[in-house]
Structure formats: C-alpha cells, structure tokens
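Accompanying notes for the structure given below.
First the proteins, then the strands, lettered A, B, ... as listed; each starts at 1. Please read all numbers here as calculations on a predicted model, not as lab measurements.
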Amino acid sequence: MEQSLSETGWVKRNRLILYAAAGTVLLLAPHVMPNNYWLRIYGMTGLWIMLALGLNVVAGFAGLLDMAYVAFFGIGAYVFALLSSSQFNIHLPFLLTLPLSALVTMGIGFALGSTSMRLKGDYLAIVTLAFAQIFRLMLLNLDRPINITGGVNGIYNLDPINLFGFTIVSPVAYSYLIWIAAILVIIGCSRLKTSRYGRGWEAIREDELAAEVMGVNTTGMKLKAFAAGAFIAGWTGAIFASFQDSVFPNNFDFPQLVIVYCMVILGGLGNVPGVIVGAVFLSILPEFLREYGAYRMMTYGLILIVLMALRPEGIMGSFAFFTKGRKRPDKDETGVLKASTDLYYQEEGGEKASGSKAFSKGDRLVLEIRDLAMNFGGIMAVSNLSFQVREREILSIIGPNGAGKTTLFNLISGIYPPSAGSIAYEGRKISGLKPHQVVKAGVARTFQNLRLFSTMSVLDNAKVGRFCRTQAGPLPILFHLPLHKREEEETDRAVKGVLRLFGARLTGYRLEQQAMFLSYANRRRLEIARALSTNAKLLMLDEPSAGMNPQETEEITEFIKRLRDQYGYTIIVIEHKLNVVRNISDKVIALDYGRKIAEGTYEEVANDKEVIEAYLGRKR
Amino acid sequence: MVFFMDIYLQQLPQQLVNGLTLGGVYALIAIGYTMVYGILFMLNFAHGEIYMIGGFVAWWVLALLTGNNVPFVNAGVLIAFMIVMAMGLSGGLGILVERFAYRPLRKAPRMNLLLSALGVSIFLQNLVLNFQGAKARSFAVASLIPEGLRVIHVGDVVISFMRILVIVVAFLLMALLTVMVKKTKVGKAMRATAQDIEAAAFMGIDTDRIIVLVFFIGSALGGAAGALVGLLFTQVDYYVGFQAGLKGFTAAVLGGIGNIFGAMLGGLILGLLESLATTFFPATYKDVVAFVVLILVLIFRPWGLMGEKIPEKV
C-alpha cells in the first residue's frame, strides 16, 4: 500500500504537537456538540472507527475478505448483553464483560478461521458469508425452546456501566468512554502495522506463496489476522450494546457489513489514518443527506464500484503520493546517481571480490538428497534424483526447459511434498516440512519469475525475510515491550547490512521505494537480498541472471562468487547462461526429464555425451 | 423411529419431485456463476440480484398484460413471454454490469473485483428497493391455468402444473446450453477461452465478445430462474437474490466451479438434499442445510464433484 501520512517526516517531527492538538479536540468535542442528537452521532462515529479499523486488520492488512465481520460485531454485543442484563440474571461488571466479550468473539473467530483458512480469497468470502447468515438465523430463532437471544425483539435494558465508582449514563460520559476505547484501537492498529505482524500480513496480501517461502507462517498469520479482527469487532460490539442499551438482530445485518467495507475501502485498504477518515466521513455524511436517505445504500454500492474502478487505493492515497513526490532522488544522501552498469558492490568488503577469500570450500555435507521423486498425476517431473552439496560450494543445475530444475527447488523449499525420497539439510530431514519451516532451518530461495511484494518498500521486502528470525507476539508488539523493540532494531540493522551489499542499487532513497518501481535487474537483486535476510546459509537462486544484460550478468556472477568466498554461503544455482555456469560452479549437475544425466565439474558435464544430446539432439 | 421412517418413505416421492423443481432452479443459477468463474476466475456476487430482477421483470410483464386477473393474451403465450422477457432483460443487465463494474478491473487484484461485485449487488438490490418498495409482489397466476390442469395426481404424489413447467423449462434450457457449448462454433470458442484466455485471443477469438456472451447467457439463465420461481411460489421481493445467490453458488461449488455440467449436477443434488432435509429439520433451519453443504465441500473437496484439482503454478 501507499506510504501512510503518519510515516512522513513532517508528522514525525511534530508528533507531540499533533498529539496535544488531538487530545484537546477529543477533550472538548463532547462539550461543543450542539445537542444530544449530534452527541450521539459523535459517539457512533467513534464506534464506526473501531469497527472499520478491525476490518482493516483482516481485509486491509492481510487481504482476507471476511464477510462474517459484522457477525463478530454481533457476537460481541450479544455476549455483553447476556452477561449484563436480566436475560439470565447475570450482572458482571463492565471491566470484566468488555474483555470477555472481545475474547469470546476472538475464540469464535479463531474457530471459524481454522476451518476455513485453507480456502483462497473468494471461497473464504462465501464461507464467512454463509456463517454470517447462520448466525443471523440463530439470533432470530433462538428464543425457543429456551429464550437465549430474545428473537426479533433482541435483549434490552442492559446494566448501566459502572467504572471506578462512576456510573456512565450521560451521552457525554459515553462519548469519552467510546473515544478512549477508539484511541486504544487506533494505537493498537498502528503498532500492529509497523511490526513484524504487519509486514507478514502485507506480504501475504501481496503474494501468499512468496510470503510462505520467505519464512512467514501464512496459515498462522492469516488466522491471527482473523482473530484480531474478531477481537476488535467483539470489543466494539460490547461497547455498542451498552451505548444502545439493547441489541437486535437487525443491528448486525448485511447493510452494516457493506457500510464498514465502504469505510475501509474509501480510506484505502490497510491505511490506518485513511480508514479513520473514511469512517468519520461516512458516519457524518448521511446526516447532511437526510432527505436522500432512501438512496443511502444505493450510494454505498456505487462508492464501491467507482472506487474500485478509479481509485482502489482509497481517497487518502493521493496525500501519500503528494508528500512522497517531494523526496527527490538527486538530492538524496546517496549523492550522484550512477549509471546502472557501474560495478560497485563493494562497500562492506572494502575492495572488489578478487583475491580476498575469507572462506574456502569445506567438506561438511550441507544438503543431501536421496532418491527424490515427484509425480504430477503420472508425469515424473523429478525421478530417482540423488546428490550432495558440501559447505561453501556452488552447485549449478543445468538442463533444457522442462527438465525439472524449478520443480527440484520447489521440492527442497517445501512447496511440494516429494512423492518419494528424502531431503536432509545439515543432517536434519527437511522434506515434509512446510516452506516457512524450511527457511527457518536455513534454506532460502529466489524465484525465476520474480515474486516480490510489489507495493511494499525495498526495506520492508527485505524485512519480511527476518520474520522467521523474530518472535515478538501480540503482547510485545501492542505494548512495545523490550523484546519487540530489540527485535525491530536488530531487524533494521541486519536488513540494512544485507542491502548495503548491493550498494546504491538498493540503498539510499531506494530503501523507501516500492518494489514495483525498481528496474528489472534491481528486482532480481532485491530477490536475492530478501533471501539473504532470512539468515539462511544455503541459497537457491533460480536463474539469477535471467533478463540481465552482459554487464549486469557479469556483475551478478561476481556477486554470487563473493557470497561464497567472503560470506561463506553455500549456493545452488539454476542457470541457462553457460558462461556464468563455467565461471562460478564448483560442481554442475545436468537434468533431463527429471533425471540426473551428468554430474561433475563444468568441463566434465559440458563434454558429456548425454548432455550434448539433451541440448542439441542426437548426432546422426 | 419406525413410525418416523414410515412417514419419511411416504413423503419420499413427493419430496423428490419438490427437490427436482428446486434443483432445476438452483442449477440455472449455478450455471451463471460457474460460466463467469470459468473464464474470469471471479465470483460474480451480483448474480443473485440479477436473478431477483428476472423475477421482477416477469412480474411486471404479468402485471402489464393482465387486468382483474384476466390475461389479455393467451395464458401460454403470456407465461412464455414472461420467461423470455426476464431472460432478455436480465441478460442485458448482466452485460451492463460486466461493462461498467468488471471490465475496468480485468487486470486488478481479484479482491478488488470481488468488492466491486459486492457494490453492484448492493446497488441493484437497493435500486429495486427504492423503486418497488420492500413489500413482496405476488404473481396472480393461479387463474392462468385451466382448472383441470392445476394439479396432477400420480399415485400419492401431487404435482402442480407449475412444478412440471419449472422442471421442463429448466431442463430444456440446460439442454440448449449443452448443445450450444458442445456443438456450435461459438461454444468451442467459449471452451477455448475458459481454458486459456490468452491463447484463445492469440488464436483469433475475440475474447471480450466471448466474455460478454458468457455474462449474457449466465444472466439470462439466472433471470429465467427468477421468473420460474416467481411462477412457482408466486412471490418476489427485493431481498430474494441474496439467498438464491448463495444457493446457486453452493451448487456451483458442489459440482466443481468452472464446470457447466458440474453446476447442473450440483444444483440438482442441492435441491434434492434441501427438500429431503425438510422432513427432518424445522423449516426455519432449511437454509442452514445449503450452508453446511457448502462449508463441508469447501473444506474437504474444494474442487467439487466434477472439477479438477489443479496444483498452483509456481
């Protein structure tokens, strides 16, 4: 997504002033409202903000179309109503019912999520929509045989809130309560967004498979997004129930869902300040258009269609564009821009790759593949393949198109479970692990067809690679505990160190540039940087020089060598350019029809009869 | 228990007929979902509303051509005209929706398409609400059919004329579609586009036109379903599209989304399941059956009964 307003320099410098201003406004606002009617709208606006921000976590951050979101809002409200009314004569204090409603809702969200999380986009939307319908049917019909939900009439006459001796009944008191709760949600969401969770979610939204292969536990993270959304919905639901002093099935129906979606989309999916503006806008606007009330929902439908066609990034997108436009590359700290063919991968190591070898080839076995086979419905993409890779060795894999080279990478990185055989990394079996576990074990890869997180910045792309090396959970992130802070600093340092290896290609003003604006060659470099950031010791590079011009190819070839010699990486390369292969390989394996047809030094393989046949055909 | 089974067996033939009727309708709706999905990989959220508008078109035609419950034209012609008009206008609406809400997003992320479709759905639903009101409109069709034909007894089973009509029309339309897809040149182009839209374009197929055609056919069949349900249950309101859309989608997924014959099969199975289930469950929870089927299929066999499992290309 676009850079949000809060992250730009001006806002950061004047943070305290802005906080003070916002605080004053919030303190005064309830007292300057002309009447109770507007006070009520003011309160509702706070509720809508919370609701929209919760949906923004699920749909905006993680890109999951959660159609049961308003049902979660309803669950929170009904749980609250049941726990503090005469319905079952349970009268718990607010400080207990509020977290309880949120947690119960989160639990239900978690349960629904864990059954449906394997489903992709549209399917998830439909299953959650079906769940929302079942929920509504239950609300309407669970007044018989025992009266639980109160049927159509709902539950009313809830207990007044009692907080530290104050009873909250007046609209002004409610305004404060709601807005304090809203501020907590705003802070929580902003913190989530800039944490490892936020980056993990964004990566999933951009490219789920790439996120998984870069070490993000996608299933777990999606589930967490779902649960976080449900938590906020439940939290808002409880406060809403108390504010309205009643709950009805009609409060939690499809139109409400559409309104929340409109707010989030108007503000821009994933953009926290934007969503707040969207929610405020759509809460207040209808009040000025009272006489056209009948057309309200129709307008919302139109808003969705028009925004999706013209401005899918939301109304706030333009602001970010505006402020970012001012950052001029030529006035940046990197100094003069160099022509892209210059060679300057040299900052950290001092001089160029030649000569200074920090590492030499070891004998330790790093990767051992035994009798590996992959069967795609009868087609053997890989069969009976065995080989070994030793420490600090560069192994090149060559072979004609369709020889099974990329399938081999997919097998090693855990995207496909092998049909037979085993893969061991440093003596530990990694076949059967999920891709994110393979990365954590120490094997990272790049993609032949480039799968960067295109709307994320260069820095954040690389930071996603650190996901599997950090642990901070929701609590350290939300409360900025030392664990989170330490890990963020460590992540920043490590990632910048990796990016510096590529010189000005990926650093300087480019750190903040979105990956989609990079040149083709730089995108290839970022893929490698992202893989390096995972701290993996075994790298698998899928055609690292594809699409590069001769000079860039030479440069990347030198760089790969340097990764081995100066930084001690073990590398497997799939490469078509044979001069690159000759230049870097310690060992070459040739594949054809999924079988190994030759293994040895470059010269041995290049002169192998079967290899020549595979490439050129049989001599007559 | 034995007593229960007895009742069940007694009702079985009747429920089978009911299920077949319902199934035919679901199948018609499901085809619209599945055809669009087959080519664009998008879930046309607005399809349910198109079905609903088909029902309204049929009602308008009926209201225009009858006075005091007496039709101005031959009853058979009237019913045929209702169905044809519903199909034509729904189909045209489908084309409009594609042109204005979906085509600009052809290259956008799928989530945007889905949200746009959601917008179309809300828009159409509230458009009808604003112009027709929330009140259900009833079809005064009882008098259209001669006394002797209204119900037909086959043994213990009572079949109304309308049920027979629905089954016949639904199966006729499905048969026509099958012939078109399998035997005609344009059907071949449609199949090619569904397999690989780019390759089809390179082979000289105007894929934009095929997409328009697919939206027309799918929406027309949805409109026909709306008209048929109106004739059968004699009611339509602005909100019926939502449920029907979910049912149609369930049927499409059950059969294997993207597969036209799967959609037909899925529709029939879902209709039968639903009417057989009403014997066991209170009617208020009837709709839950479809949702449970949907969730189970999506979790255990997301590629459906007739769909193929395709591994993700990396």
Side-chain angles (χ1 to χ4, degrees), chain A residues 59 63-65 67 115-116 118-127 129-131 133-134 137-138 140-141 205-206 208-209 213 254-255 257-258 261-262 265 269 294-310 312 376-377 406-407 409-410 413 415-416 447-449 451, chain B residues 37 41-46 49 97 100-105 108-130 239 242-243 245-246 249-250 253 257 282 284-288 290-299 302 308-309 311-314:
Chain A
L64 302 170
L65 273 184
M67 294 285 171
T115 56
S116 50
R118 291 189 303 160
L119 307 170
K120 296 253 163 347
D122 311 0
Y123 286 167
L124 181 74
I126 286 290
V127 168
L129 194 60
F131 173 81
Q133 285 302 299
I134 294 175
L137 280 173
M138 283 168 63
L140 284 169
N141 293 306
R205 191 189 65 199
E206 289 299 310
E208 191 172 331
L209 187 98
V213 170
F254 199 57
L257 182 72
V258 173
Y261 261 104
C262 274
I265 286 156
L269 283 161
Y295 297 97
R296 185 172 170 199
M297 289 310 293
M298 240 170 90
T299 319
Y300 286 156
L302 268 184
I303 288 178
L304 279 176
I305 303 169
V306 172
L307 272 179
M308 278 302 129
L310 302 179
F376 286 117
T406 298
T407 304
F409 272 19
N410 288 342
S413 55
I415 293 172
Y416 306 139
F447 289 96
Q448 178 187 350
N449 46 350
R451 298 185 78 140
Chain B
Y37 195 94
F41 299 102
M42 78 162 285
L43 167 56
N44 183 6
F45 236 110
E49 312 317 326
V97 168
F100 291 105
Y102 303 155
R103 192 176 296 181
L105 296 173
R110 274 169 60 193
M111 182 160 169
N112 297 13
L113 253 169
L114 204 61
L115 288 169
S116 184
L118 183 68
V120 173
S121 167
I122 298 300
F123 178 77
L124 291 178
Q125 204 183 86
N126 286 279
L127 189 77
V128 173
L129 174 63
N130 284 338
Y239 206 65
F242 188 76
Q243 289 278 343
L246 266 178
F249 178 78
T250 304
V253 170
I257 197 145
T284 31
Y285 290 104
K286 188 190 97 186
D287 295 331
V288 176
F291 300 146
V292 171
V293 168
L294 173 66
I295 291 173
L296 290 180
V297 171
L298 282 179
I299 290 170
E308 278 173 57
K309 190 182 179 185
E312 194 183 356
K313 178 88 183 148
V314 181

Which portion of B:Phe45 sits near chain A, non-hydrogen atoms under 4.5 angstrom:
side chain
Only pairs of heavy atoms separated by less than 4.5 Å count here; which of A:Thr299, A:Leu310, A:Leu304, A:Leu137 has the most with chain B?
A:Leu304
Which atoms of B:Asn130 are under 4.5 Å from chain A, going by heavy atoms: the side chain, the backbone, both sets, or neither?
side chain
Considering non-hydrogen atoms only, spot the tightest contact between B:Ala101 and A:Ile305 and give its length.
CB-CG2, 3.9 Å
Considering only heavy atoms and a distance below 4.5 Å, find which of B:Leu127, B:Leu129, B:Val288 pairs most often with chain A.
B:Leu127
Interface moiety of A:Ile265 toward chain B, non-hydrogen atoms closer than 4.5 Å:
side chain
Kindly indicate whether the side chain of B:Leu115, heavy atoms from C-beta on, has any atom under 4.5 Å from the side chain of A:Leu65.
yes
So what's closer than 4.5 Å to chain B heavy atoms on A:Tyr295: side chain, backbone, both or neither?
both
Looking at A:Phe131, A:Phe409, A:Phe254, which one has more heavy-atom pairs under 4.5 Å with chain B than the rest?
A:Phe254
Any idea which of B:Phe100, B:Tyr102, B:Phe41, B:Phe123 has the most non-hydrogen atom pairs under 4.5 angstrom with chain A?
B:Phe123
Taking C-beta and beyond as the side chain, do A:Met297 and B:Gln125 meet within less than 4.5 Å on heavy atoms?
no
Counting C-beta onward and ignoring hydrogens, is there a side-chain heavy-atom pair between A:Tyr300 and B:Leu118 closer than 4.5 Å?
no
On a heavy-atom basis, which atom in B:Phe291 and which in A:Gln133 lie closest, and how many Å separate them?
CE1-CB, 3.6 Å
Pick from A:Val306, A:Thr407, A:Leu129, A:Val213 with the largest number of heavy-atom pairs that fall under 4.5 Å of chain B:
A:Leu129
Nearest heavy-atom pair of A:Ala309 and B:Leu105: which atoms, and what distance?
CA-CD2, 3.9 Å
In the structure I gave you, are the side-chain heavy atoms of B:Ile122 and A:Tyr261 within less than 4.5 Å of one another anywhere?
no
Distance-minimising heavy-atom pair for A:Ala130 and B:Leu294
CB-CD2, 4.2 Å
Side chain to side chain contact (heavy atoms under 4.5 Å, CB included) partner of A:Ile126, chosen from B:Thr250, B:Ile295, B:Val253, B:Leu246
B:Leu246
